[in-house]
Number of protein chains: 2
Amino acid sequence: MSGALAEAPPAAATDPAETQSCFDVIELLFFAYRDFVSDPDRILTDYGFGRAHHRVLHFVNRQPGLTIAELLDILRITKQSLNRVLKELVEKGFVEQRTGVQDRRQRLLFPTVKGRDLALALSRMQGERIRRAIDRCGEDDRQAALRFLFAMIDENDRDHVARLVYGAGERKGQ
Amino acid sequence: MSGALAEAPPAAATDPAETQSCFDVIELLFFAYRDFVSDPDRILTDYGFGRAHHRVLHFVNRQPGLTIAELLDILRITKQSLNRVLKELVEKGFVEQRTGVQDRRQRLLFPTVKGRDLALALSRMQGERIRRAIDRCGEDDRQAALRFLFAMIDENDRDHVARLVYGAGERKGQ
DNA sequence: TCCGTTACGTCAGCCTTATTGACATATCTC
DNA sequence: GAGATATGTCAATAAGGCTGACGTAACGGA
């Protein structure tokens, strides 16, 4: 496709042509993600929050009743890292913790009204970008992109992600 | 599609249905990116590098002769942040700086052989994930995903990115 | 030739987000 | 009652980003 690296043939690539053909995905994923997360960042600073808070708030709002362990598995960070941002979200009244009913060791996480509003405001910003993208490339490309992105996820995690994305909702009581 | 938030109707969303329909893109982009960057991370620690080094090395390798200003525009970080990682890459012999010919104020960045090898090893890891994804969802979905991801980029930046991704290669001499 | 602008480097201090390791507590399960 | 599990927390550290300020070299036009 492009003439990149024509003067510098790859020394160790098993298949230069195929390696090369992946640059577009690698780079467009980088640029799309770069701009994708930049929108909410502006709002978040007004609340004294960062991206880490956004991620927590998003998944708590998306799946009310989420446990700490499940959140750790989604975010792939340590509990110490999670605890700091979660504590701030709770202290500022965006997330509420309730003791589990079946298992009282668990702390189920719920968004407050305030938390839900913020989560939706952030999603709306990202949604606007997504809708503008769909206007450009069409709904079919969005559907295909979803399939491609899904296939990019670790195989062991796809079932879990599928359930979360397409089967989410209130799960645990109170 | 899903029953998420059924018990908690969005308070401020202009269009709940459309906001909701974006959750899949928001989340799959998060999970795909999470796993996508996790592969190179393992190699990078062996060299004492992090993701920031990877990004710099990738674009320097992709576009030999890149200037500092262009790299800053790609990465969207401050020159102080860039300088730290770039200095380490130069000190460890992965990137070479040469004074510009037309404009002697510029420092043109080139990968060394060592740098090119590392960049390609990292790209290869990501390429393997991409190829596995294509095996699952097909080449058409990949092409569509590229169009969608491209449309997700800031409008002002699309020309620049298009040139970089599809028209890259050696640009500035010696 | 002088002067303003540009490209880059650097010092200093700070913030966020992540890490590892260790230990405490409450609760479940057997 | 004992061990495993879910969570909370203290402490130290690292990576990667930021702002602000200042310096130097080179370009470019008046």
Side-chain angles (χ1 to χ4, degrees), chain A residues 30 33-34 37-38 40-58 60 65-92 95-110 172, chain B residues 30 33-34 37-38 40-58 60 65-92 95-110 172:
Chain A
F30 166 77
Y33 198 81
R34 179 197 69 176
V37 296
S38 73
D41 278 5
R42 287 186 283 274
I43 298 181
L44 288 161
T45 50
D46 297 341
Y47 293 84
F49 291 147
R51 286 179 198 175
H53 302 85
H54 181 197
R55 289 193 281 263
V56 170
L57 185 59
H58 174 90
V60 168
L66 203 63
T67 67
I68 302 288
E70 285 169 317
L71 199 42
L72 288 175
D73 189 47
I74 288 170
L75 300 176
R76 296 274 168 84
I77 57 176
T78 58
K79 60 177 174 174
Q80 295 91 327
S81 294
L82 171 59
N83 207 255
R84 183 180 42 80
V85 293
L86 184 57
K87 198 150 63 176
E88 287 169 3
L89 284 167
V90 170
E91 280 167 1
K92 292 188 180 175
V95 170
E96 210 177 282
Q97 295 187 348
R98 301 183 206 158
T99 301
V101 263
Q102 294 118 4
D103 189 336
R104 290 178 50 80
R105 289 172 302 179
Q106 295 179 328
R107 300 298 144 89
L108 310 187
L109 303 172
F110 293 87
K172 300 200 178 168
Chain B
F30 166 77
Y33 197 81
R34 179 196 70 174
V37 297
S38 73
D41 278 6
R42 289 186 282 275
I43 299 182
L44 287 161
T45 50
D46 297 342
Y47 293 85
F49 292 146
R51 287 179 197 174
H53 302 84
H54 181 197
R55 288 193 282 263
V56 170
L57 185 59
H58 175 90
V60 168
L66 203 63
T67 67
I68 302 288
E70 285 169 317
L71 198 44
L72 288 176
D73 190 47
I74 288 169
L75 301 175
R76 295 275 168 84
I77 58 175
T78 59
K79 60 177 174 173
Q80 295 91 326
S81 295
L82 171 58
N83 207 256
R84 183 177 40 77
V85 292
L86 184 56
K87 198 151 61 175
E88 287 170 2
L89 284 167
V90 170
E91 280 166 1
K92 292 188 180 175
V95 170
E96 210 178 282
Q97 295 187 347
R98 302 182 207 159
T99 301
V101 264
Q102 295 117 4
D103 188 337
R104 290 178 49 81
R105 289 172 301 180
Q106 295 179 329
R107 300 296 145 88
L108 309 187
L109 304 171
F110 294 86
K172 302 199 177 166

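Residue numbers begin at 1 in each chain, while the letters A, B, ... track the order of the sequences. Since we're looking at a predicted model, the values are computed, not measured.
- In this structure, R51(A) atom CZ and dG16(D) atom P are separated by 14 Å, rounded to whole Å.
- Comparing F49(A) and I68(B) along DNA chain C, the residue whose closest nucleotide (by nearest heavy atom) sits nearer the 5' end is I68(B).
- Proximity note for R107(A) (side chain, C-beta onward) versus dG8(D), dG9(C), dG17(D): the nearest is dG8(D).
- Between D103(B) and G100(A), the residue anchored closer to the 5' end of DNA chain C is D103(B), taking for each the nucleotide with the nearest heavy atom.
- Between L86(A) atom CG and dT16(C) atom P the separation is 17 Å, expressed in whole Å.
- R55(A) places no side-chain N or O within 3.5 Å of a backbone atom of I74(A) that could act as its donor or acceptor partner.
- Scanning all heavy atoms of the two residues, the minimum distance from R34(B) to D73(A) falls at NH1-O, 3.6 Å.
- One finds no side-chain N or O of H53(B) lying less than 4.0 angstrom from the OP1 or OP2 phosphate oxygen of dA15(D).
- Considering only side-chain N and O atoms, R55(B) lies under 4.0 angstrom from the phosphate OP1 or OP2 of dG17(D).
- Atom pair L44(A):CG and dC18(D):C1' shows a separation of 16 Å (rounding to whole Å applied).
- Taking only side-chain atoms of Q80(A), from C-beta outward, the nucleotide of dA11(D), dA6(D), dC23(C) with the closest atom is dA11(D).
- Here the closest non-hydrogen pair linking L44(A) and H54(A) is CD1-CB, 3.7 Å.
- For T78(A), whose side chain is taken as the heavy atoms from C-beta onward, the closest listed nucleotide among dT7(D), dC8(C), dT20(C) is dT20(C).
- Atoms CG (L72(A)) and C1' (dA18(C)) sit 13 Å apart, rounded to a whole Å.
- Across dA18(C), dG9(C), dG8(D), the shortest atom-to-atom separation from the side chain of I77(A) is found for dA18(C).
- If you take CG of L109(A) and P of dA6(D), they are 15 Å apart, rounded to a whole angstrom.
- With K92(B) contributing its side chain and Y47(B) its backbone, the two residues share a donor-acceptor pair below 3.5 Å.
- Considering only side-chain atoms of R105(B), the nucleotide from dA26(D), dT20(C), dC8(C) that sits closest is dA26(D).
- In this structure, E88(B) reaches neither bases nor backbone, as no heavy-atom distance under 4.0 Å exists between it and the strands shown.
- Below the 3.5 angstrom threshold, one finds no donor paired with an acceptor across the side chain of K87(A) and the base of dG8(D).
- Taking the side chain of Q106(A) as heavy atoms from C-beta on, and the options dT9(D), dA6(D), dT17(C), the nearest nucleotide is dA6(D).
- Set against dG9(C), dG8(D), dT16(C), the side chain of R84(A) has dT16(C) as its closest nucleotide.
- If you measure from atom CG of L71(A) to atom C1' of dT17(C), you get 15 Å, rounded to the nearest angstrom.
- Candidate nucleotides dT7(D), dC27(D), dG17(D) were compared by shortest atom distance to the side chain of R104(B), and dC27(D) ranks first.
- In this structure, E91(B) atom CD and dG9(C) atom P are separated by 13 Å, rounded to whole Å.
- Atom CZ in R76(B) sits roughly 20 Å away from atom P in dG16(D) (whole-Å rounding).
- Listed nucleotides dA18(C), dC23(C), dG16(D) differ in distance to A52(A); the shortest reach to its side chain belongs to dA18(C).
- Taking every heavy atom of both residues into account, L108(B) and G65(B) meet most closely at CD2-O, 3.7 Å.
- Look at Q102(B) and you won't find any side-chain N or O under 4.0 angstrom from OP1 or OP2 of dC27(D).
- Counting non-hydrogen atoms of neighbouring residues, nucleotides and ligands closer than 6.0 angstrom, the CZ atom of R104(A) reaches no more than 12 such neighbours.
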